[in-house]
Amino acid sequence: MIDKQDELRETANRLATKGKGLLAVDESTPTIGKRLAGINMENTEENRQAYRGMLFTSEGLGEYISGAILFEETLYQNHADGETMVAKLDKLGIIPGIKVDKGLRPLEGAHAVETWCQGLEGLAERTAEYYDRGARFAKWRAVLQITADGCPTDLAITENAWGLARYARICQESGLVPIVEPEILMDGDHTIERTAKVQERILTEVYKACAENGVFLEGSLLKPSMTVSGADNDNKAGSEEVAKTTVRTMERCVPAAVPGIMFLSGGLTEEDASVYLNTMNSIDRTSSRSFAFSYGRALQQSCLQAWQGNDIVAGQKALMARAQANSEASTGDYVAGSQPSSQDTLFEAGYKY
Ligand code: 13P
C-alpha cells in the first residue's frame, strides 16, 4: 500500500482543477534547440534559461495553469535574477512537475517504427531527489503508432503499458503524481474509427497493468492524445466528430477514479487544440471529471514567435492568450478565434520529445 495516498490525491485534484491545465515545457535539450532555431537563437543554457524564465514570470499565469512539466535541467536551474525556477512557479501558484523518462529506443522484435521508453533503472532514487527539489508530479511519454502493416503490435502495447504502470507505481512511492501518457502519433492515413479501436485497446491494457501494479488511480492523471484521424487521411474528422469519439473512448476505458484527463496537443494547431477541447466540454458526457490540457507546442508556438529572444512583454502576452483560451476550453466557454493564435502547422512526422 502506498503511504502517501492523501497527498497524492490532493496534488492530482489540484492539477485537475476545473478551468486549469498543464504547461508542458519539458522539451529535451535537442527538442528545445529546434524551437530556438526557429527564432534564430542558439541552443545554449543561457538561452534556455531566458526562455523558460520568461514563461515562469508571466503574471497571472496561475489563473489558467495548475502545473508545469519541466526538463531536469530546469528543475535545478535558477532564473537569471538568481531565484530558482521552482520558486518562480511557486509564486504563480503553479505546481512544478518533472519529465522522468529517458527517451525512446527502438523496440527490437516489434515493427521497425516501434519504440519502448527507457528510464526505470534508478527511477526510485531520482524521484525521491526530484521530490526534495520541489517537484510534485511526473511525466513519462510512451509512444505508439498506427500503420497499415500491423502497428501497434501486441509486443509494443504490452511493453509500453507495463512501463507506464511500473513508472506510475514508483513515482507514487516518492509522493509524485504520475501522468500516464500513452501517446498515439497522428502519423498515417487511417480513419478516426481505427484510432478509436486502437486507443481503446491501449487504454484497456494500460489500466490493466496499473491494476496489476497497485497504482493508486485517484493520485494519477491520464495524458492521452485526442482520438483523431491520421494526419494523411484525406477525409479528416472535424471537431464535432473528434470530440464525440474522444469522449466515447475515454468513457469506455478510463476508470472513473482517475480525476483528470489532460490531453496533449500532438501536432494540432494552437486553435484546433483549443476548439477540439472546447467541443468535448460542450457535449453531453456521463463523467464530470476534468477534461483539460497538457499542451506543449499548442501553448508555446505563438509565444516563441512573439518573444523572438528579447521581447518579454510580447512573449508573455501571447502565452497568456493561449493559456486563457485553453482554460476557457476546459469549461466549454471558449469562443473560437477570440484569442490570437499562430497558424503554423505543428505536426512533425515521428515526433520526438
Ligand atoms: P504537445 O502538446 O506538443 O504534443 O506536447 C505535449 C507533451 O508533453 C508530449 O509529451
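Every number for a ligand or one of its atoms is a count from 1 in the order of the listing.
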Chemist: Nearest to atom 4 (O) of ligand 1, what protein heavy atom do you find, and at what distance?
Modeler: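 Ranked first by proximity to atom 4 (O) of ligand 1 is Gly266 N, 2.7 Å.
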Chemist: I need the atoms of ligand 1 closer than 4.0 Å to a non-hydrogen atom of Glu181, numbered in the order shown.
Modeler: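 Once the distances to Glu181 are compared, the set is 9 (C), 10 (O).
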Chemist: Taking the six-membered ring for Trp, are Tyr51 and Trp307 parallel (under 30°), tilted (30 to 60°) or perpendicular (over 60°)?
Modeler: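 Ring orientation of Tyr51 relative to Trp307: tilted.
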Chemist: On the six-membered ring of Phe71, is Arg48 placed so that its NZ or CZ lies under 6.0 angstrom from the centre and within 45° of the ring axis?
Modeler: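 Not flagged: Arg48 not positioned over aromatic ring of Phe71.
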Chemist: Taking atom 8 (O) of ligand 1 as the point of reference, which of Lys99, Lys223, Gln301, Met262 owns the nearest heavy atom?
Modeler: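 Ranked by closest heavy atom to atom 8 (O) of ligand 1, first place is Lys223.
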Chemist: Looking at Arg322 and Glu271, is any side-chain nitrogen of the basic one under 4.0 Å from a carboxylate oxygen of the acidic one?
Modeler: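 Yes, charged N to carboxylate O under 4.0 Å.
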Chemist: Counting from 1, what ligand 1 atoms have a heavy atom of Lys139 closer than 4.0 Å?
Modeler: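 It comes down to these atoms of ligand 1: 7 (C), 8 (O), 9 (C), 10 (O).
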Chemist: Ligand 1 and Tyr295, any nitrogen or oxygen pair closer than 3.5 angstrom?
Modeler: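 Such a contact does not occur with ligand 1.
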Chemist: Just which atoms of ligand 1 are under 4.0 Å from any heavy atom in Ser294?
Modeler: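 Listed by number with element: 6 (C).
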Chemist: List the residues meeting side chain to side chain contact (heavy atoms under 4.5 Å, CB included) with Cys253, not counting sequence neighbours, and say none if there are none.
Modeler: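 Partners of Cys253 under the side chain to side chain contact (heavy atoms under 4.5 Å, CB included) test: Glu200, Leu203, Thr204.
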Chemist: Between Gly296 and ligand 1, does any nitrogen or oxygen pair lie at a separation below 3.5 Å?
Modeler: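 Yes; the residue has a nitrogen or oxygen that sits under 3.5 Å from a nitrogen or oxygen of the ligand.
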Chemist: Taking only distance into account, with no hydrogens and no angle test, what donor-acceptor pairs under 3.5 Å do side-chain atoms of residues 93-108 form with protein atoms, sequence neighbours excluded?
Modeler:
{"unit_1": "Lys99", "atom_1": "NZ", "unit_2": "Asp101", "atom_2": "OD1", "d": "3.3"}
{"unit_1": "Asp101", "atom_1": "OD1", "unit_2": "Gly103", "atom_2": "N", "d": "3.0"}
{"unit_1": "Asp101", "atom_1": "OD2", "unit_2": "Arg141", "atom_2": "N", "d": "2.8"}

Chemist: Number the atoms of ligand 1 from 1 as they appear, then name those within less than 4.0 Å of a heavy atom of Arg297, with their elements.
Modeler: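 Answer for ligand 1: 1 (P), 2 (O), 3 (O), 4 (O).
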Chemist: With a 4.0 Å cut-off on heavy atoms, is Ala298 in contact with ligand 1?
Modeler: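 False for this residue.
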Chemist: Calculate, to the nearest 0.5 Å, the distance between atoms CD and CD1 belonging to Gln300 and Ile32 respectively.
Modeler: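 CD1 of Ile32 is found 6.0 Å from CD of Gln300.
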Chemist: Is there a donor-acceptor contact under 3.5 Å linking the side chains of Tyr64 and Glu328?
Modeler: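 The criterion, which ignores hydrogens and geometry beyond distance, is not satisfied for Glu328 and Tyr64.
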Chemist: CG of Leu221 to CD of Glu181: how many Å apart, nearest 0.5 Å?
Modeler: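 Result: 12.0 Å between the selected atoms.
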Chemist: Which ligand 1 atoms are under 4.0 Å away from a heavy-atom of Ala24?
Modeler: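 Answer, ordered by atom number: 8 (O).
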Chemist: Around atom 1 (P) of ligand 1, find the nearest protein heavy atom and jot down its residue, atom name and distance.
Modeler: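 In this structure, atom 1 (P) of ligand 1 has Ser265 OG, 3.3 Å as its nearest protein heavy atom.
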